[in-house]
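Report on one structure; see the data block that follows.
Heavy atoms only: backbone and side chains are in, while hydrogens, waters and symmetry mates are out. Please read all numbers here as calculations on a predicted model, not as lab measurements. Both ligands and their constituent atoms are indexed starting at 1 by order of listing.
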Amino acid sequence: MAETRSTCPYCGVGCGVIIEHDADAGVDAGVDAITGVRGDPEHPANFGKLCSKGSTLHLTLSPVARALYPELRSERASPRRRVSWELALDAAAGKFAQCIREHGPDSVAFYISGQLLTEDYYAFNKLAKGLIGTNNVDTNSRLCMSSAVAGYKATLGADAPPCAYEDIDVAECIFIAGANTAYAHPILFRRIEEARAKNPRLKLIVADPRRTETAAEADLFLQLKPGTDVALFHAMLHVSIAEGLLDETFIAGHTEGFAALRETVRAFTPAAAAEICGVPAADIVQAARWFAESTSTLSLYCQGLNQSAHGTDKNATLINLHLATGQIGKPGAGPFSLTGQPNAMGGREVGGMANLLSAHRDLANPTHRAEVAKLWGIASVPATPGKTAVPLFDALHDGRIKCLWIACTNPAQSMPNQALVREAMTRAEFVVLQECYRDTETAPFADLLLPATTWGEKEGTVTNSERRISRVRAALPAPGEARHDWQVVVDFAQALGQKLGGNNAAALFPYTTPEEIFNEHRESTRGRDLDITGLTYSKLETQGPQQWPYPETAAAGKTRLYADGIFQTADGRARFANAAFIAVTEKTSRHYPLSLNTGRLRDQWHGMSRSGRAAQLYSHAPQAVLSMHPDDIAARGCIDRDLVSIASARGRITLPLESSTDVAPGNVFLPMHWGSRFLKGDGINALTIGTYDERSQQPELKHAAVEVAAADLPWRMVAVAYVADPHETLEALSRSFADFDYASCGFAGREQTAVVFRAAAHTAPSPAQTERFDELLGLRCNPLTFVDTARGIERIAVIDSGQLIALRLCGDISGADWLGEWLENRTDIGPLAWRVLAGGGTPPQGLVHRGRIVCSCHNVAENEIAACFANGGDVDVAQQKLKCGTGCGSCVPELKRMALKFSVASAGAIEELAA
Ligand code: SF4
């Protein structure tokens with residue numbers, strides 16, 4: 001066995017990982033050769049820790065779903081067929097060249113990804129802007145971080161998060177706004193927990209429309225109405241002014257524009273803001289005091305501010321608070337935007353977006369364009385701004401863009417307004433998908449599929465939220481015919497150059513290694529705010545991951561920016577943003593009276609292309625559910641855990657309902673992860689809106705107006721089974737979604753993977769349809785069967801050596817939960833086999849229904865933890881007895897919440913008894 005140091009490919013925390021793998025794995029060994037992953041104790045982002053997602057990376061590498069060779073379809077209606085790379089590149093180059101010749105360079109576009117490495121990103125950017133002459137290159141980072149970029153530039157003058165993770169250790173006040181850090185950036189949340197344990201004075205304020213696991217930890221929770229963040233931040237500034245909490249010296253010496261802002265926030269009294277935000281005025285005052293009076297205040301924020309039609313204002317008005325109170329440029333203080341994707345930062349650094357140029361240069365700036373043209377050795381870089389994500393798909397839809405190249409992203413799951421996005425890809429003349437997986441939601445739309453390498457196979461660099469550049473290293477060779485992403489760009493550029501004739505593709509793309517690309521990118525940063533001219537691959541080997549800037553003269557990267565109070569503006573002074581408060585774009589109405597909020601779960605990541613392959617990652621949240629306040633459920637006559645239909649002006653999906661007081665009345669919450677591969681319909685983003693912020697062009701994925709109604713689907717089915725190939729079976733099952741009104745599928749199990757299928761319909765499907773399921777799930781091999789035709793009940797099970805291995809329940813599905821547990825846990829059911837066919841809501845006496853898994857590392861379920869608390873245990877006792885929360889720690893916030901609920905419940909019981 002061997003070990004290779006690399007970086008986690010999920011979130012922007014950028015944890016270092018050590019990949020354990022077969023040292024002698026050849027090209028055909030595939031990803032099975034990676035046997036384990038653990039945290040890198042020397043990586044400064046995580047010091048050896050990994051969350052539930054990072055620590056299960058080795059379980060996500062199903063070789064079955066890998067794209068291993070190019071596939072091309074000759075006509076739209078025909079299936080793709082395997083072709084050689086030579087033929088694939090020739091076809092792509094021919095199609096793109098023809099389009100460029102006939103319709104101009106802006107008739108083609110590239111939609112790439114914050115999961116690409118910096119070197120891949122650099123190559124794509126140069127391909128579009130340097131070789132083809134179009135700025136139509138945008139990325140899924142547009143859905144994630146572009147409001148943070150615009151917010152930083154509007155106030156501090158540059159897209160540079162000024163803080164470092166070590167600021168968490170010394171902050172006296174942490175303000176988390178629009179971020180569920182406990183779920184989305186778990187390793188940072190571990191750091192916050194540790195800082196709080198060491199420093200009891202540390203105050204934690206959380207602002208969020210939903211009472212999340214992060215909010216539950218807060219000393220002060222501001223449960224604001226969706227979209228009212230600017231009003232809240234203005235009101236906090238109003239209080240700081242009224243109570244003399246400003247840092248007047250800092251304002252006078254280092255900023256511009258405060259007088260106008262002072263006038264604007266005059267109207268935002270705590271009482272006025274309380275009305276707008278739905279937060280008690282006293283809490284706004286308290287938040288403002290803690291923020292301003294603390295010796296060091298650190299703000300952490302993410303999609304709750306970014307994914308908004310006013311995301312730039314939300315970011316900038318939070319930064320206003322830091323500038324006005326001097327909470328910036330010192331240890332433990334500053335506005336710290338948390339990056340959603342592993343390398344959204346790297347993409348920004350190389351200018352891989354429609355409005356940016358290399359090394360934080362601006363496309364709109366002629367001097368910057370001339371500098372980049374000189375660096376690349378070309379006459380000019382096109383001046384016309386490219387199309388950002390939403391306008392790009394709009395242009396594909398109406399034919400202005402004809403050929404689209406998608407790399408390492410899944411727009412048929414992640415883009416808002418899926419109906420339009422999917423129609424756009426159907427209408428396109430030619431769609432290329434460069435992917436490591438062949439089964440994402442976007443794959444069916446591709447005319448050409450190009451197999452790419454992925455995590456564990458790639459070499460390059462990524463930059464995390466704190467500006468830290470880490471090496472990504474390959475543990476295994478590329479499987480099949482897969483090529484590295486940068487390599488595909490180089491190969492395509494050469495082929496396209498030949499087709500277009502008379503250009504300098506060979507000179508522009510001479511690279512034979514990612515290091516050569518890094519070196520060119522490094523040179524492009526000379527003299528810029530992110531200058532890394534002192535950094536090389538070999539320094540990253542010897543010094544470890546480094547923060548930028550790291551100029552030639554430096555001995556190491558810079559931890560914290562703006563300590564000197566000089567900002568990246570022409571006069572060195574930061575700018576206050578005098579933003580007006582504007583409510584959410586899509587107002588709730590009589591037809592759509594509820595505000596939909598979307599967000600992340602603890603154990604899934606983005607569109608589940610990777611995390612959705614690990615059975616263990618379904619144990620915490622087995623399926624997508626809609627969270628809704630009990631009052632709203634009652635008002636609609638819906639039933640907790642039953643199916644509901646959720647509709648917006650753009651689409652409709654059907655899901656189970658979950659009663660939750662974490663969401664305020666009038667709000668509902670959906671996890672963002674489920675797409676059409678796992679759920680009938682176009683996924684969660686069937687509902688979301690494409691409206692976007694004019695400056696950042698980031699869409700408002702965090703809010704849509706919706707209505708919810710009972711689904712009234714009397715026929716139900718649940719099937720779960722161990723099968724020879726769970727991934728292929730899942731693919732086959734998802735092809736049957738059309739037969740039902742509601743259908744979802746996923747995995748379950750731990751040592752072995754089982755497939756799970758849930759469905760509902762107005763009427764029962766034909767016997768032929770259900771027989772197909774029995775075939776797929778191995779239910780035709782000596783099954784036990786119970787059929788009650790009169791009541792529409794059918795139960796089929798296969799038991800082998802005393803263990804349940806396959807099950808299908810139709811009609812009455814009330815025993816599905818505990819029967820599923822029997823199957824997953826390989827319970828020896830021996831004489832209780834008859835109960836499988838009897839079903840029923842409760843398991844046989846003496847057997848406990850374990851419930852959802854809370855601790856994924858040690859496989860501890862909610863009912864086991866509840867029993868511990870019911871017996872007087874607390875979190876410490878639960879950790880000692882059950883080991884829950886002692887692995888990656890991702891479940892600790894939930895354990896604390898459960899303990900709190902129990903203590904509140906038992907206090908209530910004692911009071912009741914006393915009364
Ligand atoms: Fe990966 Fe978790 Fe670290 Fe994010 S916090 S980089 S998902 S291990």
Side-chain angles (χ1 to χ4, degrees), residues 5-20 34 36-61 114-117 141 144-145 161 164-165 168 176 179-194 213-214 300 302-303 336-346 454-456 458 461-473 545 599-614 616-617 620-621 671-673 855-857 885 887-894:
R5 284 196 144 82
S6 191
T7 309
C8 176
Y10 287 125
C11 82
V13 178
C15 296
V17 299
I18 295 176
I19 305 172
E20 298 157 1
I34 292 182
V37 176
R38 64 178 201 277
D40 181 350
E42 289 172 23
H43 198 291
N46 57 317
F47 297 108
K49 295 187 181 73
L50 290 178
C51 74
S52 49
K53 296 181 282 284
S55 57
T56 49
L57 268 167
H58 59 294
L59 304 177
T60 66
L61 301 165
Q115 287 153 73
L116 289 171
L117 308 187
S141 300
C144 176
M145 298 312 302
Y165 295 156
I168 292 170
I176 301 180
N180 184 9
T181 320
Y183 275 14
H185 299 94
I187 294 304
L188 285 195
F189 202 70
R190 299 287 83 74
R191 205 155 172 163
I192 295 170
E193 287 167 343
E194 282 164 22
E213 258 59 31
T214 307
L300 302 173
C302 198
Q303 310 306 358
F336 195 174
S337 132
L338 300 178
T339 321
Q341 300 202 75
N343 199 32
M345 288 282 286
T454 185
W455 177 84
K458 296 179 72 166
T461 56
V462 288
T463 309
N464 72 3
S465 298
E466 61 167 354
R467 295 171 280 107
R468 190 176 294 281
I469 299 171
S470 295
R471 280 284 275 116
V472 170
R473 295 184 182 87
R600 283 146 178 77
L601 295 183
R602 192 191 75 187
D603 290 358
Q604 292 292 351
W605 199 74
H606 284 200
M608 297 165 72
S609 303
R610 182 184 298 281
S611 62
R613 297 176 199 280
Q616 193 172 314
L617 293 179
H620 187 240
M672 64 179 282
H673 310 290
C855 174
S856 160
C857 298
C888 73
S890 297
C891 66
V892 170
E894 195 170 345

Does C891 form a side-chain contact (heavy atoms from CB on, under 4.5 Å) with R602? I'd like the steps, not just the answer. CA-CA 9 Å; C891 66; R602 192 191 75 187; 3.3 Å; yes
So which protein heavy atom does [atom] come closest to, and at what separation?
| atom | value |
| --- | --- |
| atom 4 (Fe) of ligand 1 | C11 SG, 2.3 Å |
| atom 7 (S) of ligand 1 | Y10 CB, 3.4 Å |
| atom 5 (S) of ligand 1 | I187 CG1, 3.4 Å |
| atom 6 (S) of ligand 1 | C15 N, 3.4 Å |

So, the side chain of T214 versus the backbone of T181: is there a donor-acceptor pair under 3.5 Å, distance only? yes
Side-chain donor or acceptor of Y10 paired with backbone N/O of L57 under 3.5 Å: no
Kindly indicate whether the side chain of H606, heavy atoms from C-beta on, has any atom under 4.5 Å from the side chain of Q341. yes
N/O/S atom of C8 under 2.8 Å from atom 3 (Fe) of ligand 1, yes or no? no
With a cut-off of 2.8 Å, does any N, O or S atom of C51 fall short of it relative to atom 2 (Fe) of ligand 1? yes
Mutual orientation of the aromatic rings belonging to Y183 and H620 [parallel < 30°, tilted 30-60°, perpendicular > 60°]: perpendicular
In terms of atom number and element, which parts of ligand 1 are under 4.0 angstrom from non-hydrogen atoms of [X]?
| X | answer |
| --- | --- |
| P186 | 5 (S) |
| G14 | 6 (S) |
| L50 | 8 (S) |

Could you check whether R5 pairs with E42 (Lys NZ or Arg NE/NH1/NH2 to Asp/Glu carboxylate O, under 4.0 Å)? yes
Between ligand 1 and N46, can you find any atom pair, the residue atom being a heavy atom, that is separated by under 4.0 Å? no
Take E193 and R190 through the test salt bridge (Lys or Arg N to Asp or Glu O under 4.0 Å) and record every step on the way to the result. CA-CA 5 Å; E193 287 167 343; R190 299 287 83 74; 2.9 Å; yes
